[in-house]
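What follows is one structure encoded as structure tokens, with my remarks underneath.
Read the numbers this way: they start at 1 and go in the same order the structure lists the ligands and their atoms.
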Amino acid sequence: MKNIYSNILKFNSKNLIKIIKILKKNGIICLPTETVYGLGGNAYSYIAIKKIFEVKKRFKKNPLIIHYYNLSHAKKDVILDQDFYKVYKKFSPGPITYIVKKKNNSRIRPIACANLKTVGIRFPKDKIIRKLLKKLNFPLAMPSANKSSGVSPVKPSDVFEEFSNKIKVLDGGISKIGIESTVLNLVGNICILRPGIITPKQIEKVLKISIKISPKQTTIKSPGSLKKHYSPGIPIYMNKKKCPDKYAFITFGKKYPVTRNSFNLSKKSNLSEAAKNLYKFFRNIKKKGYKKIYVTKIPNEGVGIAINDRLKRASK
Ligand code: TXA
Ligand code: MG
């Protein structure tokens with residue numbers, strides 16, 4: 001019998017060469033990053049980008065993040081200012097995406113950016129993706145490797161659940177952070193479009209201005225942040241103190257008893273640990289057959305802001 005996971009490739013030099021070949025031929029592939037797994041393709045290739053949108057069933061007006069190895073690669077495509085350099089120096093490579101202005105002669109395919117004049121750029125930290133990016137002479141357009149509006153994958157078998165054997169996955173183990181990057185808009189009014197593990201406070205310290213999380217967007221700034229998103233496909237109810245036995249109860253902190261239906265994000269009340277467990281729990285709970293999820297109150301500070309953001313959108 002054929003191994004159902006035969007499309008999951010171990011990380012070694014032979015497979016790295018194989019993946020580079022696929023990408024050079026406008027193919028797409030699922031790749032590990034420190035936040036979540038992504039579905040990557042050549043950002044300069046119309047064919048590759050089109051495939052990404054098709055496979056994800058993604059709304060064409062939702063732009064992709066472009067992943068670079070370093071600044072000298074990125075400078076060819078985007079205009080960078082002093083604020084950018086300040087945050088870049090502090091947080092990159094790492095789990096943050098910067099929205100910056102696109103150059104007129106940028107080679108990034110307009111469809112990758114939903115025809116906007118801006119681009120989301122990220123410099124991931126994960127060692128495997130960096131090894132790959134270093135060997136490519138193009139950046140990777142890479143949304144999270146899930147079907148649109150679903151839960152982002154944090155390990156190869158999650159990716160398999162999304163796309164079965166349709167697309168190869170490079171095995172980088174479990175994503176260290178477990179939720180998507182912070183999206184920081186640096187064009188016009190500086191603000192956070194998607195909260196993440198890098199918090200508003202950390203960014204305020206560097207830029208020395210107050211950083212708001214963007215209220216509901218009226219223009220299409222970050223379309224992905226408008227609709228229902230990150231949903232495990234069953235109803236989620238937030239800020240619950242108790243939960244009926246028949247539903248899954250996602251808790252936080254040591255005061256909650258361990259019961260068959262409880263899933264504790266962090267007994268130590270550590271918000272980073274909670275973020276890392278969130279999508280893993282969503283998938284486990286769905287697999288166990290629960291029909292509803294109740295979630296206890298999560299402190300809305302630091303990384304908790306990102307957790308509550310995902311819970312809110314998943315519960316819409
Ligand atoms: O951690 C991450 O960011 C992962 C990994 C794979 O890098 N990627 C990811 O991509 O989460 P995606 O496509 O699932 O989410 C990208 C978000 C969307 O909400 C999109 O609207 C926003 O970034 N975005 C991208 N380019 C933008 C732009 N030019 N202006 C405003 N928002 C943008
Ligand atoms: Mg996504």
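Those atoms of ligand 1 that come under 4.0 Å of a heavy atom in M142, given as number and element, are 6 (C), 8 (N), 10 (O). Every atom of ligand 1 is numbered from 1 in the order shown, and the set under 4.0 Å from a heavy atom of R58 is 12 (P), 13 (O), 14 (O). When each atom of ligand 1 is checked for a heavy atom of H67 under 4.0 Å away, the hits are 5 (C), 7 (O). Taking a cut-off of under 4.0 Å to the non-hydrogen atoms of I99, the atoms of ligand 1 that pass are 27 (C), 28 (C), 30 (N), 31 (C), 32 (N), 33 (C). Applying the 4.0 Å criterion to heavy atoms of P143 picks out, from ligand 1, the atoms 10 (O), 12 (P), 13 (O). The atoms of ligand 1 that sit less than 4.0 Å from any heavy atom of N62 are 18 (C), 20 (C), 21 (O). Of all the atoms in ligand 1, the ones that sit under 4.0 Å from a non-hydrogen atom of S181 are 1 (O), 2 (C), 3 (O). Each of the following atoms of ligand 1 lies closer than 4.0 Å to a heavy atom of R122: 1 (O), 2 (C), 3 (O), 5 (C), 7 (O).
Side-chain contact between V169 and F163 is absent, with no heavy atoms from C-beta onward closer than 4.5 Å.
No hydrogens or angles considered: a donor-acceptor pair under 3.5 Å links the side chains of S92 and Y98. Side chains of Y256 and T296: a donor-acceptor N/O pair is present below 3.5 angstrom, by distance only.
In this structure, the side chain of N70 engages the main chain of H73 through a donor-acceptor pair within 3.5 Å. N261 places no side-chain N or O within 3.5 Å of a backbone atom of K246 that could act as its donor or acceptor partner. No donor-acceptor distance shorter than 3.5 angstrom exists from the side chain of N277 to the backbone of F281, with no hydrogens or angles considered.
For T33, no nitrogen or oxygen atom sits less than 3.5 Å from a nitrogen or oxygen atom of ligand 1, counting backbone and side chain alike. Looking at Y37 next to ligand 1, no N or O pair under 3.5 Å apart turns up. Backbone and side-chain nitrogen or oxygen atoms of E180 are examined, and none is located within less than 3.5 angstrom of a nitrogen or oxygen of ligand 1. Looking at K56 next to ligand 1, no N or O pair under 3.5 Å apart turns up.
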_Pair E180, R310 - check salt bridge (charged side-chain N to carboxylate O under 4.0 Å, His left out), show working._
CA-CA 10 Å; E180 307 81 357; R310 304 307 190 272; 2.8 Å; yes
*What's the verdict on ring-ring contact (aromatic ring centres under 6.0 Å, His included) for Y294 and Y237, showing C-alpha distance, side-chain angles and the deciding distance?*
CA-CA 5 Å; Y294 279 41; Y237 302 92; 5.5 Å; yes
Name every donor-acceptor pair, under 3.5 Å, that has one atom in a side chain of residues 27-48 and the other anywhere in the protein, sequence neighbours excluded.
unit_1: T33; atom_1: OG1; unit_2: T35; atom_2: N; d: 3.1
unit_1: T33; atom_1: OG1; unit_2: T35; atom_2: OG1; d: 2.9
unit_1: T33; atom_1: OG1; unit_2: V36; atom_2: N; d: 3.4
unit_1: T33; atom_1: OG1; unit_2: V36; atom_2: O; d: 2.8
unit_1: T33; atom_1: OG1; unit_2: R122; atom_2: NH2; d: 3.0
unit_1: E34; atom_1: OE1; unit_2: K125; atom_2: N; d: 3.1
unit_1: E34; atom_1: OE1; unit_2: D126; atom_2: N; d: 3.2
unit_1: E34; atom_1: OE2; unit_2: R122; atom_2: NH1; d: 3.0
unit_1: E34; atom_1: OE2; unit_2: K125; atom_2: N; d: 3.0
unit_1: T35; atom_1: OG1; unit_2: R122; atom_2: NH2; d: 3.1
unit_1: Y37; atom_1: OH; unit_2: G172; atom_2: N; d: 2.9
unit_1: Y37; atom_1: OH; unit_2: G173; atom_2: N; d: 3.2
unit_1: Y37; atom_1: OH; unit_2: G173; atom_2: O; d: 2.6
unit_1: N42; atom_1: OD1; unit_2: Y44; atom_2: N; d: 2.7
unit_1: Y44; atom_1: OH; unit_2: D77; atom_2: OD1; d: 3.4
unit_1: Y44; atom_1: OH; unit_2: D77; atom_2: OD2; d: 2.6
unit_1: S45; atom_1: OG; unit_2: N26; atom_2: OD1; d: 2.8
unit_1: S45; atom_1: OG; unit_2: I47; atom_2: N; d: 3.4
unit_1: S45; atom_1: OG; unit_2: A48; atom_2: N; d: 3.0

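Contacts between L193 and ligand 1 below 4.0 angstrom, taking non-hydrogen atoms only, involve the side chain exclusively. Using a 4.0 Å cut-off between heavy atoms, T118 contacts ligand 1 through both its backbone and its side chain. In E34, neither the side chain nor the backbone holds a heavy atom less than 4.0 Å from any atom of ligand 1.
Contact between H229 and ligand 1 is absent, with no heavy atom of the residue lying under 4.0 Å from the ligand.
Remark: among candidates C113, G196, S144, the nearest residue to atom 10 (O) of ligand 1 is S144, based on non-hydrogen atoms. Heavy-atom proximity to atom 25 (C) of ligand 1, evaluated over S175, P32, P63, is greatest for P63.
No more than 12 heavy-atom neighbours from other residues, nucleotides or ligands sit within 6.0 angstrom of CG on N104.
Residue E162 is tested with K56, R283, K155 for a salt bridge (Lys or Arg N to Asp or Glu O under 4.0 Å); the sole match is R283.
In summary, S144 places an N/O/S atom under 2.8 Å from the Mg ion (ligand 2), meeting the contact criterion.
Of all heavy-atom pairs between I298 and L271, the closest is CG2-CD2, 3.8 Å.
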